[in-house]
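Reviewing the structure listed below.
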Amino acid sequence: MTQDDPTQTRPRVLSGMRPTGALHLGHYHGALKNWLRLQATHDCFFFVADWHALTTAQPQDRAHLERHVYDMVIDWLAAGIDPAQTTLFIQSRMPEHAELFTLLAMSTPLSWLERIPSFKDQAGKSPDSTSYGLLGYPLLQAADILIYKAAAVPVGEDQAAHVEVTREVARRFNHLYGQGQPLLTEPQTLLTETARIAGLDGRKMSKSYGNAIAMRDAPEVTAEKIRTMPTDPQRARRGDPGEPQRCPVWPLHELYSDDATLEWAAQGCRSAGIGCLDCKQPLIQGIQRQQAEWRERADTYLANPKQVHWIVEVGTERARAVARKTLREVRAAMGLSY
Ligand code: TRP
Ligand code: SF4
């Protein structure tokens, strides 16, 4: 980044995602859409949290990690994340995060990490598969955030506790080592409205439930998935009236259909004037249209993997410059600059 780069005066936001495989509509509407908005107005750092993925990955997942990392970056680019406006990088390429994590660990009370709900649940359920890495998960996340002095972190509700602990870690560090002025920035949480999109079985869309529509699913795959998606159970037969508010398909409809279509569908549903397959048709087309746009962008990157590696390379070096500077300050404040 050069000195007169306009992004330098924009507030910095940072967010990360674990590479768990092809992104789906839940990721797009729950996170990426928000990232797209932010990239126009903020200095955005978006990274692949591959270390965090190791805390939950099974050994068989690890064989696919590299593919998942690059598939995810391609999904970001396909959605319209612009590498010229944002800094894209990979966590494991930044040992600086691990150094800050170690330094922060020395002053973080164990109880702060033990009380994080995700840790408590896991430790309660299966203590034997609860790793030290999982306990450290939120602190590593704190290091990810604090090393860039991010002003804000766009995350879903499930991550809010982690950003909260990040604020506490920063506050404590500043208190212990700040010598009157805050060295680390307490980040704001930018809570993403997670329109809870239902998956194909009516539960929350999630890869682990196997109920997701991938951003790059083929048109016929999407059509089949929507066609077989459950609807309002009271519309068992075509002649029975239904209620869109009870229908798992409806939140998707609201995302993809214009007012007139929604009106037609709601009215047709309540009066039993249309069948569920009629109702789903415009939705299928809406999703397919968006997927076509994503696939088109993805295809240009898939045809040119070197370009994707280069984008990550540039982002990683950009991020590293910022991370190194913060670490120098932190080391000095802790009396470690010898
Ligand atoms: N824990 C986040 C998740 O699972 C990913 C993540 C890691 C992250 N480090 C971060 C998100 C820093 C925001 C900021 O979704
Ligand atoms: Fe759902 Fe549409 Fe069927 Fe009503 S008509 S139950 S909204 S799919």
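Order of listing sets the numbers, starting from 1, for every ligand and every atom in it. Sequence positions, counted from 1, serve as the residue numbers for this chain. What you see below is based on every heavy atom in this structure, not just the backbone, and it leaves out hydrogens, waters and symmetry mates.
- When only non-hydrogen protein atoms are considered, atom 5 (S) of ligand 2 lies nearest to R235 NH1, 3.2 Å.
- Each of the atoms 13 (C), 14 (C) of ligand 1 lies under 4.0 Å from some heavy atom of V153.
- Heavy atoms of D158 found under 4.0 angstrom from ligand 1: none, in either backbone or side chain.
- Checking only distances, R18 does come within under 3.5 Å of ligand 1, N or O to N or O.
- Of the protein's non-hydrogen atoms, the one nearest atom 7 (C) of ligand 1 is H52 ND1, 3.1 Å.
- Of the protein's non-hydrogen atoms, the one nearest atom 8 (S) of ligand 2 is T231 CG2, 3.5 Å.
- Listed by number with element, the atoms of ligand 1 under 4.0 angstrom from any heavy atom of A49 are 7 (C).
- A salt bridge does not link R235 with E243: every distance from a Lys NZ or Arg NE/NH1/NH2 to an Asp or Glu carboxylate oxygen is 4.0 Å or more.
- Judged by distance alone, the side chain of D75 and the main-chain N or O of L23 form a donor-acceptor pair under 3.5 Å.
- A salt bridge does not link K149 to E186: none of the charged side-chain nitrogens sits closer than 4.0 Å to a carboxylate oxygen.
- Residue-level proximity to ligand 1 for V163 is absent, since no heavy atom of it falls below 4.0 angstrom.
- Closest to atom 3 (Fe) of ligand 2, if we only count protein heavy atoms, is C276 SG, 2.3 Å.
- For atom 10 (C) of ligand 1, the nearest non-hydrogen atom of the protein is Q141 CG, 3.4 Å.
- Heavy-atom contacts of L14 reach the following atoms of ligand 1: 12 (C), 14 (C) (cutoff under 4.0 Å).
- Atom numbering of ligand 1 starts at 1 in the shown order; those under 4.0 Å from a heavy atom of S15 are 13 (C).
- Ring to ring, F89 and Y148 are close: their centroids are under 6.0 angstrom apart.
- In terms of protein heavy atoms, atom 2 (Fe) of ligand 2 is closest to C279 SG, 2.3 Å.
- Figure legend: R172 and W112 shown as a cation-pi pair, the cationic atom lying under 6.0 angstrom from the six-membered ring centre and within 45 degrees of its axis.
- For atom 2 (C) of ligand 1, the closest non-hydrogen atom of the protein is Q159 OE1, 3.2 Å.
- Residue-to-ligand polar distances keep Q91 apart from ligand 1: every N/O pair is separated by 3.5 Å or more.
- Taking all atoms of both residues into account, the shortest heavy-atom contact from A79 to L32 is CB-CD1, 3.9 Å.
- Look at C247 and atom 1 (Fe) of ligand 2: an N/O/S atom of the residue is under 2.8 Å from the metal.
- Looking at E296 and T300, their side chains never bring a donor and an acceptor atom within 3.5 Å of each other.
- A salt bridge links R12 to D43: at least one charged side-chain nitrogen sits closer than 4.0 Å to a carboxylate oxygen.
- Ligand 1 places these atoms under 4.0 Å from at least one heavy atom of Y137: 1 (N), 2 (C), 3 (C), 4 (O).
- Here Y301 and H309 keep their ring centres 6.0 angstrom or further from each other.
- Put simply, I274 and L283 are part of two different groups of oily side chains (I, L, V, M, F, W, Y) that touch within less than 4.5 Å, one to the next.
- Residue V155 approaches ligand 1 through these ligand atoms, each under 4.0 Å from one of its heavy atoms: 13 (C).
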